[in-house]
Amino acid sequence: MVMPFIFMLLGFFSTKPNVEAALSWQHAHATFYGPGTGGACGYANLNTDGYGFKNTALSTALFKNGAACGGCYEITCDSAKDPQWCIKGRYITVTATNFCPPNSSLPNDKGGWCNPPLQHFDMSTPAFEAIAHYKAGIVPVHYRKIPCTRSGGLRFTVTGKSNFELVLISNVGGTGEISQVWMKASGSNKWESLTRNWGANWQSLSNLHGQSLSFAVHAIDGRSVTALDVIPANWAFGQSFKSKVNF
């Protein structure tokens, strides 16, 4: 049985490197796109889901078929390689909220920036401009995974119809990346293992109407939290509920 566990880590945004991050810096490139969206991760509203403008789409090499959704990355422009367009000494932490699709019709070094096996970040415009000049278009960067610090608890949004429930889990702290989810309805004493449908959406094929719902959420680092009766029995499709727990 998964037991509740709550912990908080620092490092969501900084103007200097996060020296406590466990992983070393790696090389990649970054571009930017228009208004940030939840896209391939399924986040409906990046502001209410806890991510704001500090978001990025990931190339195939980083996206991991949606398992990387919600993860946080600290990024700085490589001013040694591109002193003209990088803003030296600036760092930003962004959340993975979308997928940057490959373009096999373009070469990897000329337009096909998100083609495998390239590690690439297609950032929101404000996030990109925090570390580089707009006119650059594309810049070399250093990046590393860091813990996510969120305000408030995990957020659960239920969509679907009839005996199909799709649960979007957002505002995830800690690693930000979920590896497994279990759900228990008030009418049962068993925990049901949910399957990832796409991005940060997890599905159930049970009839759950009229029952309160509890969730046990397992992160990629092995930590777990349990949100008991976070969704009340009178829930309806399209509603969102905030828990009191987070990583």
Side-chain angles (χ1 to χ4, degrees), residues 1-5 35-51 55 57-58 60 62-71 95-101 148 150 152-220 222-247:
M1 178 177 178
V2 180
M3 299 300 294
F5 188 93
T37 68
C41 288
Y43 303 120
N45 185 310
L46 294 182
N47 288 319
T48 58
D49 287 335
Y51 307 124
N55 63 80
L58 303 179
T60 302
L62 296 170
F63 192 65
K64 299 184 294 186
N65 293 320
C69 290
T95 300
T97 62
N98 209 340
F99 174 56
C100 182
C148 304
R150 305 298 185 203
L154 300 176
R155 184 183 179 95
F156 298 85
T157 302
V158 187
T159 57
K161 65 177 182 178
S162 187
N163 292 345
F164 173 71
E165 294 83 20
L166 202 60
V167 182
L168 171 68
I169 304 175
S170 58
N171 198 46
V172 183
T175 68
E177 300 177 16
I178 299 172
S179 62
Q180 185 59 63
V181 178
W182 293 267
M183 179 183 66
K184 190 177 81 67
S186 57
S188 172
N189 59 3
K190 295 182 179 180
W191 287 88
E192 172 190 355
S193 179
L194 304 187
T195 57
R196 189 189 302 275
N197 184 286
W198 61 285
N201 288 277
W202 297 79
Q203 74 176 36
S204 168
L205 301 178
S206 302
N207 186 347
L208 304 173
H209 290 285
Q211 302 179 73
S212 62
L213 305 177
S214 300
F215 295 89
V217 181
H218 195 69
I220 61 168
R223 297 177 184 271
S224 298
V225 293
T226 303
L228 296 175
D229 298 318
V230 63
I231 296 181
N234 63 346
W235 64 270
F237 288 121
Q239 290 184 317
S240 295
F241 304 89
K242 293 181 180 180
S243 73
K244 297 181 180 180
V245 298
N246 211 326
F247 292 93

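The nearest pair of heavy atoms linking Gln211 to Ala185 is OE1-CB, 3.1 Å. Here the closest non-hydrogen pair linking Ser204 and Glu192 is OG-OE2, 3.0 Å. Looking at every heavy atom in both residues, Pro232 comes nearest to Phe241 through CD-CE2, 3.4 Å. Between Cys148 and Gly71, the closest heavy-atom pair is SG-C, 4.0 Å. When all heavy atoms are compared, the tightest approach of Gly153 to Asn171 is O-ND2, 2.9 Å. Nearest heavy atom pair, residue Ser240 against residue Arg155, reads CB-NH2, 3.5 Å.
No donor-acceptor pair closer than 3.5 Å links the side chain of Ser206 to the backbone N or O of Leu208. Side chain of Tyr43 to backbone of Gly70: a donor-acceptor contact under 3.5 angstrom is found.
With values rounded to the nearest 0.5 angstrom, Ile231 atom CD1 is found 11.5 Å from Ser186 atom OG. Between the CG atom in Leu166 and the CG atom in Asn197 there is a gap of 5.0 Å [rounded to 0.5 Å]. If you take CG on Leu194 and CD1 on Ile169, they are separated by 7.5 Å, rounding to the nearest 0.5 Å. Annotation: the span from Lys242 atom NZ to Thr157 atom OG1 amounts to 10.5 Å, rounded to 0.5 Å. Taking CZ from Arg196 and CD from Gln203, the interatomic distance works out to 11.5 Å, rounded to the nearest 0.5 Å. Note that the CZ atom of Phe63 and the SG atom of Cys41 stand 4.5 Å from one another [nearest 0.5 Å].
A 6.0 Å sphere centred on CG of Asn65 holds no more than 12 heavy atoms belonging to other residues, nucleotides or ligands.
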Report the C-alpha distance between Val181 and Val167 in whole Å, list the side-chain angles of each, state the deciding distance to 0.1 Å, and finish with yes or no for side chain to side chain contact (heavy atoms under 4.5 Å, CB included). CA-CA 10 Å; Val181 178; Val167 182; over 6 Å; no
Take Asn246 and Leu154 through the test side chain to side chain contact (heavy atoms under 4.5 Å, CB included) and record every step on the way to the result. CA-CA 6 Å; Asn246 211 326; Leu154 300 176; 3.3 Å; yes
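The side-chain heavy atoms of Met183 and Glu165, taken from C-beta on, include no pair separated by under 4.5 Å. Contact check for Phe215 versus Thr226: no side-chain heavy atoms found under the 4.5 Å cut-off. A heavy-atom distance below 4.5 Å is not found between the side chains of Asn163 and Leu205. Between Phe156 and Leu213, the closest side-chain pair of non-hydrogen atoms is not below 4.5 Å. Inter-residue side-chain proximity for Trp202 and Val217 is flagged as unmet; no heavy-atom pair is nearer than 4.5 Å. With a 4.5 Å cut-off on side-chain heavy atoms, Phe99 and Cys69 do not count as touching.
Under the 30°/60° scheme for interplanar angles, the aromatic rings of His209 and Trp235 are found to lie parallel.
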